[in-house]
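As structure tokens, the structure follows; a few thoughts come after it.
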Protein chains: 2
Amino acid sequence: MSEDNYSLSGRVFHKIREDILAGKYKTDETLKEKTIGDELGVSRTPVREALRQLELEGLVTIIPNKGASVVGISKQDIKDIYEIRARLEGLCAKWSADHITAEQITELEENIFLVDFHAEKKNYTQVLELDNKFHEILYEACNSKMLKHELSAFHHYVERVRKITLSMPDRVEKSNEEHRLIVDALKKHDALEAERLATSHMLNTISNMDKFGWDNLLEN
Amino acid sequence: MSEDNYSLSGRVFHKIREDILAGKYKTDETLKEKTIGDELGVSRTPVREALRQLELEGLVTIIPNKGASVVGISKQDIKDIYEIRARLEGLCAKWSADHITAEQITELEENIFLVDFHAEKKNYTQVLELDNKFHEILYEACNSKMLKHELSAFHHYVERVRKITLSMPDRVEKSNEEHRLIVDALKKHDALEAERLATSHMLNTISNMDKFGWDNLLEN
DNA sequence: TTTTGGATAATTGTATACAATAATGCAAGT
DNA sequence: ACTTGCATTATTGTATACAATTATCCAAAA
């Protein structure tokens, strides 16, 4: 499912996922097909399809003949995801160093410039979007369909976490500085350095969360 | 979707995935809902659900109003997957070193013993099943829902590759020896050594494929 | 021969009907 | 008051109907 898929069933899928990640449904809350369908003005069919896709993403558990319920995401789960991403973003940067094009480097540099611009204005919605874009350029640059697929999924999964971290004191500036160092390494095609920096970039996000608190994110 | 989910829609999902991975459908071949449904003796509904799940797994592409087609897996894709797995299996072994229970270690040791037994008899079906089991015990032992989820998905994805590598000359024996070393490290709770060994275990699989040829696996 | 238009068929998208299963509530018995 | 059993309701599972979209084919024109 590409992100710019605006079919009805695609919209339902994204909407329910968004609602889950936004905390609209509590952990273990059952998701009734008819209820959600009525809410979104569609029949059960697209809702069912969406719920089954969400199960595959791990956001929902389905027990046959009983229905779907929301899988909770704990603080430990998020830490684990960032540890996983640390390794995979590292791999991505390593491969990107060998495959990145001049155009992509230009895009990354423009991205860094724009983040500076919007961070100053505390326009965090824009910053989040640019952060998305930065990483997606890298996912493309690594030249691996499989790695891109995995990282994109994770990236989406933790969007809510990223929204919060990026609004924490100084984090946008630090993050953008880390981005700049990664791009410098990529320009020099220094694969190992790029990998090291990208890995740190992820681990720093967790350090930042540890420092400034998880309180506004989770109940558990 | 747990593996022991025997609901009809679950069965359809697993069946289509199996057929794709077994090469029943060629790359870019379109998968028609009605055709598959008739073949499996079900209506389009469960087939549609399955196809949408398979899209999320990356095995299928769906273009709205046009339908689903099989995504090809190239040699490079497989190499990439093993590079990704190398890092994640390494992480898994690292975490397992701290969390593994005595029972799990016993299970792993029994597994190694049984692989020796069945390898001698060239009973490769059994060996593949035991290899599945070995890794799944580790996925459980690492104590991370997220990592387990990811690794299980990949593991399934390359089942066909593993089936082939395990039937190559001496590979079962070498693989089992690598398993033994990993378990030894886990028994000593030596996280770094376990990580190093698990990573190598994956990379060795690729070396093995490079040495003995990809010819009987792929067309591209 | 090649191309184009449009009718026809095939296929997907969604809603709904019905069947199977699970949850709920309530009355009867202890 | 507290179970237990059964009828009722709610919910999911699957099939089917119909609408919307796309693919195919063939005749007519260039």
Side-chain angles (χ1 to χ4, degrees), chain A residues 1-20 24-72 149 156, chain B residues 1-20 24-72:
Chain A
M1 172 108 25
S2 63
E3 294 306 321
D4 43 357
N5 175 345
Y6 289 112
S7 73
L8 178 46
S9 83
R11 280 205 306 278
V12 172
F13 171 67
H14 288 295
K15 182 64 168 71
I16 299 176
R17 175 164 66 178
E18 200 179 314
D19 285 344
I20 292 176
K24 173 171 173 181
Y25 307 110
K26 286 193 284 287
T27 295
D28 291 330
E29 180 170 347
T30 60
L31 302 176
K32 309 231 178 72
E33 295 170 1
K34 183 158 192 321
T35 308
I36 295 177
D38 290 349
E39 216 166 295
L40 303 182
V42 299
S43 75
R44 284 172 52 212
T45 309
V47 176
R48 274 183 69 83
E49 291 176 359
L51 289 176
R52 266 149 191 76
Q53 290 178 301
L54 290 167
E55 186 188 27
L56 227 65
E57 282 202 337
L59 284 171
V60 145
T61 298
I62 295 179
I63 300 175
N65 291 312
K66 297 194 73 176
S69 59
V70 177
V71 172
H149 187 263
H156 220 116
Chain B
M1 172 104 28
S2 64
E3 294 306 321
D4 42 359
N5 175 344
Y6 289 115
S7 73
L8 178 47
S9 84
R11 281 205 305 277
V12 172
F13 172 65
H14 288 295
K15 181 65 169 71
I16 299 176
R17 175 163 67 179
E18 201 180 314
D19 285 343
I20 292 176
K24 173 172 174 179
Y25 306 111
K26 285 193 285 288
T27 296
D28 291 331
E29 180 171 347
T30 60
L31 301 176
K32 311 229 176 72
E33 296 170 359
K34 183 157 191 320
T35 307
I36 295 176
D38 290 348
E39 215 166 296
L40 303 182
V42 299
S43 75
R44 286 172 51 211
T45 309
V47 175
R48 273 183 70 82
E49 291 175 359
L51 289 175
R52 268 151 190 75
Q53 290 178 302
L54 290 167
E55 186 188 26
L56 227 65
E57 282 202 337
L59 285 171
V60 145
T61 299
I62 294 179
I63 300 175
N65 290 312
K66 297 193 74 177
S69 59
V70 177
V71 172

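So you know, we letter chains A, B, ... as the sequences are listed, proteins then strands, and number each from 1.
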Query - 4.5 Å side-chain heavy-atom contact, V60(A) and Y25(A) - result: no

Query - Rounded distance in Å - CD1 (I36(A)) to P (dT12(D)) - result: 9 Å

Query raised in the report: With sugar-phosphate meaning primed atoms plus P, OP1 and OP2, does L51(B) contact a base, only sugar-phosphate, or nothing at under 4.0 Å between heavy atoms?
Result: nothing

Query - Whole-Å distance separating the CD atom of E49(A) from the C1' atom of dT14(C) - result: 9 Å

**Report entry** Sidechain N-carboxylate O distance under 4.0 Å for E39(B), K15(B)
**Finding:** no

Query raised in the report: Can you tell me if the side-chain N/O atoms of S43(A) get under 4.0 Å from OP1 or OP2 in dA15(C)?
Result: yes

Report task. Check the side chains of R17(A) and H14(A) for a donor-acceptor pair under 3.5 angstrom, ignoring hydrogens and angles. Result -> yes

Query raised in the report: So, is R48(B) near the phosphate of dG13(C), with a side-chain N or O under 4.0 Å from OP1 or OP2?
Result: yes

Query raised in the report: Atom CZ of R44(A) and atom C1' of dG13(D): how far apart are they, to the nearest Å?
Result: 7 Å

Query raised in the report: Are any of K34(B)'s side-chain N or O atoms less than 4.0 Å away from OP1 or OP2 of dT11(C)?
Result: no

Query raised in the report: Given atom CG of N65(A) and atom P of dT21(C), what is their separation to the nearest angstrom?
Result: 7 Å

Query raised in the report: How close or far is atom P of dA15(D) from atom CG of L40(B), stated in whole angstroms?
Result: 11 Å

Query raised in the report: How long is the line joining CD1 of I63(B) and P of dA20(D), in whole Å?
Result: 22 Å

Requested in this report: State which residue, out of E55(B), E49(B), E57(B), fulfils the salt bridge (Lys or Arg N to Asp or Glu O under 4.0 Å) condition with R52(A).
Outcome: E49(B)

Query raised in the report: Would you say a side-chain N or O of K66(A) is under 4.0 Å from OP1 or OP2 of dA23(C)?
Result: yes

Query - Pairwise distance NZ(K66(A)) to OG1(T61(A)) - rounded to 0.5 angstrom - result: 12.5 Å

Query raised in the report: In whole angstroms, how far is the P atom of dT11(D) from the CD1 atom of I62(A)?
Result: 16 Å

Requested in this report: Whole angstrom is fine here: how far is it from NZ in K32(A) over to P in dA10(D)?
Outcome: 11 Å

Query raised in the report: So does R52(A) get a side-chain nitrogen or oxygen closer than 4.0 Å to the phosphate oxygens (OP1/OP2) of dG13(D)?
Result: yes

Report summary line: Note: for T45(B) and E33(B) on DNA chain C, the residue whose nearest nucleotide lies more 5' is E33(B)

